[in-house]
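What follows is a set of notes on a single structure, which appears directly below.
Count residues from 1 along the sequence. For clarity, every value in this text was computed on a predicted model and none was experimentally measured.
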Amino acid sequence: MIDAPTQRPSVEDRRQQIRDAAAICFRRSGFHGASMAEIAKEANLSVGQIYRYFENKEAIIEAIVEHDIAEKRAKFDEFYATEGDFSRYMVETCSQAVERFWDPARAALELEVMAEAARNPKVAEILRRKEEAEKQFKGPFSERIRRPGWTAEESEQRGELIGMMFDGMAMHSIRYPDRCPNELAQALRKVLAAILEVPDIDGPDTSTKTPGA
């Protein structure tokens, strides 16, 4: 019996393989410490194969950032499609957001990229474009959470405060990687409900949906 030919990985599959390997190496060795040879070894590829898909390490970072932007945009699109009280939905499903943001590996990579941006103009430009892209899909957020009596500025400030909480949670996960994030979920529900002025939030979070906040 003749074995069926092995299907070759697609270009995107191969790029994803390299992105994942590079992320591991950047976290482990830092941007400068991680060589193309190390990335190739982690990906089980040759250095020549890496260069077929990416010109340099900055190009790999750009691909990682673009992939992250695409994931976030999809989450926000799903989030905005929510019917009913948008703010209540956020509060009732916030434990899922805790699980998503409590990610020491992802947070460590973000810190490494930010540190490199302070030294490397090319990476700084990549992050600038990321910020511009995120502004676009985060734009409707403050209007969706706006309550009667709030000014547009107040609504924007409350949205910014929520973003600060979740960004801080990601950083906190690096300091306390062994802590169970579910311990924070109930307290976070109360804080989020207060910021969004969502009344009558009692009982455990039973939703299985994942918010994109």
By ring-ring contact (aromatic ring centres under 6.0 Å, His included), Y51 pairs with (sequence neighbours left out) none

State, with a plain yes or no, whether a side-chain heavy atom of R88 is found less than 4.5 Å away from one of P199.
yes

Sequence-distant partners of E55, salt bridge (Lys or Arg N to Asp or Glu O under 4.0 Å), two or more places apart:
none

From L188 atom CG to S95 atom OG, the distance as rounded to the nearest 0.5 Å
9.0 Å

If the condition is side-chain contact (heavy atoms from CB on, under 4.5 Å), which residues does E143 pass it with, not counting sequence neighbours?
R146

One pair to check against salt bridge (Lys or Arg N to Asp or Glu O under 4.0 Å): R158 and E154. What are the steps and the verdict?
CA-CA 6 Å; R158 292 187 188 225; E154 182 179 2; 2.6 Å; yes

Who are the salt bridge (Lys or Arg N to Asp or Glu O under 4.0 Å) partners of E66, not counting sequence neighbours?
none

Sidechain-backbone polar pair: S155 side chain, T151 backbone, donor-acceptor under 3.5 Å:
no

Show which side-chain atoms of residues 172-180 pair as donor or acceptor with protein atoms under 3.5 Å away, not counting sequence neighbours.
from	atom 1	to	atom 2	distance (Å)
S173	OG	A170	O	2.5
R179	NE	E183	OE1	3.2

I'd like to check the salt bridge (Lys or Arg N to Asp or Glu O under 4.0 Å) partners of E110; sequence neighbours left out, ordered by chain and number.
none

Testing K130, R129, K122 for salt bridge (Lys or Arg N to Asp or Glu O under 4.0 Å) with E62, which one passes?
R129

Taking the side chain as C-beta and beyond, is there a heavy-atom pair between D20 and E42 under 4.5 Å?
no

Considering only NZ, NE, NH1 and NH2 on the basic side and carboxylate oxygens on the acidic side, decide whether E131 and K135 come within less than 4.0 Å.
no

Side-chain donor/acceptor of Q49 to backbone N/O of S46, under 3.5 Å
yes

Only counting residues at least two apart or in another chain, list the ones meeting side-chain contact (heavy atoms from CB on, under 4.5 Å) with Q17.
R14, A43, L45

Atom CD of E38 with >12 non-hydrogen neighbours under 6.0 angstrom
yes

Any non-hydrogen side-chain atom of Y89 less than 4.5 Å from a side-chain atom of E92?
no

Could you give the distance from CD1 (I126) to CD (E58), rounded to the nearest 0.5 Å?
7.0 Å

Flag, side chain of R106 to backbone of F101, donor-acceptor distance under 3.5 Å
no

Yes or no on side chain to side chain contact (heavy atoms under 4.5 Å, CB included) for I64 and L109, after CA distance, side-chain angles and deciding distance?
CA-CA 10 Å; I64 291 172; L109 179 60; 4.1 Å; yes

Quick one: CE on M169 to CG on D103, what's the gap to the nearest 0.5 Å?
12.5 Å

As a quick check of understanding, evaluate side chain to side chain contact (heavy atoms under 4.5 Å, CB included) for M165 and L192, giving each step before the final call.
CA-CA 9 Å; M165 284 199 309; L192 198 57; 4.0 Å; yes

Within this structure, what is the NZ-CD1 distance for the pair K41 and I50, rounded to the nearest 0.5 Å?
14.0 Å

Other residues, nucleotides and ligands only: do more than 12 of their heavy atoms fall within 6.0 Å of CD on Q157?
yes

Which pairs with one or both residues in residues 9-33 pass ring pair (Phe, Tyr, Trp, His ring centres under 6.0 Å), sequence neighbours excluded?
F26-F31

Pairing residues for R15 by the side-chain contact (heavy atoms from CB on, under 4.5 Å) criterion, not counting sequence neighbours:
V11, E12, R19, Y53, F54, A63

Enclosure of M171 CE (heavy-atom neighbours >12, cutoff 6.0 Å)
yes

Between CD1 on residue I39 and CD1 on residue I18, distance to nearest 0.5 Å:
9.0 Å

When clusters are formed by joining ILVMFWY residues with side-chain heavy atoms under 4.5 Å apart, either directly or through shared neighbours, do F166 and L111 land in the same one?
no

Closest heavy-atom pair, R144 versus S87, reported as atoms and distance to 0.1 Å, is O-OG, 4.5 Å

Output for pair (K57 NZ, N120 CG), nearest 0.5 Å, gives 10.0 Å

For the residue pair A117 and L127, what are the closest heavy atoms and their distance?
CB-CD1, 3.6 Å

Could you report the tightest heavy-atom contact between A22 and I60, atom names first, then the distance?
CB-CG2, 3.4 Å

Could you tell me whether a side-chain N or O of R147 sits under 3.5 Å from a main-chain N or O of L196, the two making a donor and an acceptor?
yes

Between P140 and Y80, the two heavy atoms sitting closest are CD-OH, 3.7 Å

Which pairs, with at least one residue in residues 116-135 and sequence neighbours excluded, count as a ring pair (Phe, Tyr, Trp, His ring centres under 6.0 Å)?
none

Suppose we screen for salt bridge (Lys or Arg N to Asp or Glu O under 4.0 Å). Which residues come up paired with E112, at least two apart in sequence or across chains?
none

Are V65 and I24 co-members of a hydrophobic cluster defined by side-chain heavy atoms under 4.5 Å apart?
no

Is the closest side-chain heavy-atom distance between K190 and Q186 below 4.5 Å?
no

Checking E156 against F141 for the side chain to side chain contact (heavy atoms under 4.5 Å, CB included) test, could you report, in this order, the C-alpha distance in whole Å, the side-chain angles of both residues, the deciding distance, and whether it holds?
CA-CA 8 Å; E156 186 174 343; F141 183 79; over 6 Å; no

R73: which residues meet the side-chain contact (heavy atoms from CB on, under 4.5 Å) condition with it, sequence neighbours left out?
I69, D77, A133, F137

Under the 3.5 angstrom rule, does the side chain of T82 hit a backbone N or O of F79 as a donor-acceptor pair?
yes

